[in-house]
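Naming: A, B, ... by sequence-line order, numbering from 1 per chain. Since the model is a prediction, treat every value here as computed from it, not as a measurement.
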Amino acid sequence: MASGATNFYDLYRHGSLGVSLTDALDELIGDERIDPQLAMKVLTQFDRIIAETLQEKVKARLTFKGSLDTYRFCDEVWTFLIRNVTFKLDNGSQTVQADKVKIVSCSAKRTEEK
Amino acid sequence: MSNAAVGPVYDSIITEVINSVRVDFEENGVDEGVLEDLKKRWQAKLSQMKVAQFPWDPKPEPPPASAAGTGTQAATVPQTSAPATNNYTHSTLSPQGPAQSLSLPGQLAPNAGGMALKQEPGLVNADPVIKQEPGLPSMPSMHPGYNPAATARGTAAQRAAQALENQFGQRAAASINAIHSGMASQMNAGAQPQQSTRPGQAPQPMNAQQQYRQDVAAAMQQRLQQVPHTGAPNGLPASQVDGPSDAACGSGPRPTMGRTEIDEHLHAQLAARAKQMEGGGLMLPLKDATKDRSVPTTRPSKGGLAQHDGAEDGIKSEEDEDKDAINSDLDDSDEDKDDEEDDDESMGHMMLCMYDKVQRVKNKWKCILKDGVLTVNGKEYVFHKATGEYEW
């Protein structure tokens with residue numbers, strides 16, 4: 001379990017939930033209804049809460065197979081570009097195909113340690 | 001299914017984030033309505049992405065959901081536009097304030113204040129006008145101050161000084177003559193045109209002063225023409241030709257003769273002279289620059305601030321340095337292009353997650369991922385654990 005309130009990855013900000021939140025915050029900043037600093041606090045809270053929620057409340061499993069196009073490991077972040085991916089959701093009852101999927105993955109250990 | 005789980009999970013995340021930042025909003029003095037607005041916008045934008053079915057969307061039919069999403073966004077558009085214009089006017093007005101206050105030198109500040117006040121109160125105008133009277137004789141003393149800056153006007157200033165001396169001398173002479181002669185009214189009527197022309201010559205560089213003098217002279221003429229009708233003694237009009245009479249006369253009819261125009265001329269004149277006195281604006285930019293910078297930085301506007309730019313650049317450059325430190329430039333550019341292509345084609349095909357294990361045996365990779373969000377084909381999935389096997 002992540003203990004500290006800080007040091008959560010902000011990679012989830014690039015997901016739909018994070019992008020929509022960032023857009024909403026940008027609008028409010030543009031209207032000068034909130035400070036940018038306050039928006040940063042919101043995003044920091046978002047980093048923590050989405051990480052905790054995904055850890056605690058999500059039980060779904062999935063497996064996927066494909067051909068790895070490119071891979072990169074930088075600053076403890078793995079980035080994969082996989083082509084012709086087949087995702088099997090849960091117990092394999094549903095499959096999803098995709099031409100290519102980009103995977104951005106941060107180390108799970110770092111959050112747990114810190 | 002994991003896709004069906006997205007809605008409740010995201011809903012709980014949104015609720016929890018909103019609740020956890022409520023304290024921060026209160027500490028920053030931001031109204032709670034803004035927080036609610038943030039939540040609504042967040043949900044609306046998420047609904048527009050249509051990555052999953054969300055609890056706040058009307059469930060039975062997708063069209064209402066989209067309609068609700070667009071409706072809320074349409075409602076937000078006026079809100080964004082109205083404050084934006086306000087900001088614009090603020091930002092455009094703010095530089096003018098300091099510029100005006102800066103451009104006026106200390107000596108002229110009282111006059112400026114009087115002029116600023118003059119436009120609003122109607123009858124109190126007499127006081128600023130009287131105050132300007134002593135100010136005008138002091139203007140010749142300021143000629144040496146600004147004329148060096150404007151070298152072309154050096155000779156004009158000398159001529160103006162001489163003309164003023166002549167003017168005052170003749171004025172005094174005229175008044176003395178008027179007193180002695182006893183035919184005050186007609187003599188004054190004759191003397192006034194002279195005065196009106198001489199003051200006009202004296203401050204030749206300054207149109208405002210010229211006009212003002214002319215106006216004063218005209219006012220005196222009116223006043224003096226009225227005085228005989230009221231049956232005033234002959235001696236009084238004669239004494240009024242002197243300095244004090246200017247104030248007395250100016251106070252009466254002056255408001256009726258286009259004082260706003262005079263004010264504008266005077267103000268423009270003062271501002272121009274102030275710039276000249278400060279070295280043709282060479283010394284101003286320091287003050288202007290500091291003030292102009294301080295003004296926008298206090299404002300939390302998002303764009304165009306030097307400090308914001310600097311800070312962001314610094315952060316970005318650090319990140320870039322970190323990336324460059326490990327990866328070669330070629331790899332970065334190539335893969336970045338690929339990534340951009342992916343993002344452009346569909347920001348959907350992306351998985352954000354944590355990794356537990358990444359193993360490779362020859363060209364076979366095996367990963368154990370967890371706590372991820374997967375977006376594929378416009379749908380979003382959340383997973384607690386994922387295992388992937390792929391070949392390179």
Does A/S105 use its side chain to pair, donor to acceptor, with the backbone of B/Y355 at less than 3.5 Å?
yes
With a 4.5 angstrom heavy-atom cut-off, is it the side chain or the backbone of B/I18 that approaches chain A, or both, or neither?
neither
After noting the C-alpha distance and the side-chain angles of A/F87 and B/Y381, does the key distance pass the ring-ring contact (aromatic ring centres under 6.0 Å, His included) rule?
CA-CA 11 Å; A/F87 296 96; B/Y381 307 89; 7.7 Å; no
Indicate the atoms forming the closest heavy-atom contact of A/F8 with A/A51, along with that distance.
CD2-CB, 3.8 Å
When every non-hydrogen atom of A/I49 is compared with those of B/S20, the smallest separation belongs to CD1-OG, 3.3 Å
Just give me the residue among A/V58, A/V42, A/T53 that pairs up with chain B most often, heavy atom to heavy atom, under 4.5 Å.
A/V58
Checking heavy atoms, do the side chain of A/I103, its backbone, both or neither come under 4.5 Å from chain B?
both
CA sep, side-chain torsions, deciding dist, call: B/L46, B/W56, side-chain contact (heavy atoms from CB on, under 4.5 Å)
CA-CA 10 Å; B/L46 209 51; B/W56 55 84; 3.9 Å; yes
Which region of B/L369, side chain (C-beta onward) or backbone (N, CA, C, O), has a non-hydrogen atom less than 4.5 Å from a non-hydrogen atom of chain A, or is it both or neither?
side chain
Using heavy-atom distances under 4.5 Å, tell me whether B/V51 contacts chain A through its side chain, its backbone, both, or neither.
side chain
Identify the residue among B/K39, B/R41, B/K40 that makes a side-chain hydrogen bond (donor to acceptor under 3.5 Å, both in side chains) with B/D37.
B/R41
Options A/K57, A/K59, A/K41, ranked by heavy-atom pairs under 4.5 Å with chain B, top entry:
A/K41
Around atom NZ of A/K65, are there more than 12 heavy atoms from other residues, nucleotides or ligands closer than 6.0 Å?
no
With chain B, the option among A/V85, A/L17, A/L11 that has the most non-hydrogen atom pairs under 4.5 Å is A/L17
For A/I50, is it the side chain, the backbone, both or neither that has a heavy atom under 4.5 Å from a heavy atom of chain B?
both
Any donor-acceptor pair under 3.5 Å from A/W78 side chain to A/R72 backbone:
no
Separation between CD of B/Q48 and NZ of B/K45, rounded to the nearest 0.5 Å:
6.5 Å
Tell me if a side-chain donor or acceptor on B/N377 pairs with a main-chain N or O of A/Q97 at a distance below 3.5 Å.
yes
Residues in residues 357-365 of chain B that sit under 4.5 Å from chain A, counting heavy atoms only
B/V358, B/W365
Look at B/E380 together with B/K50 and state whether they make a salt bridge at an N to O cut-off of under 4.0 Å.
no
Got a second to check how far B/D24's CG is from A/D35's CG, nearest 0.5 Å?
11.5 Å
Of all the residues in residues 26-33 of chain B, which have a heavy atom that comes within less than 4.5 Å of a heavy atom in chain A?
B/E27, B/N28, B/V30
d(A/D47 CG, A/Y9 OH) to nearest 0.5 Å is 12.0 Å
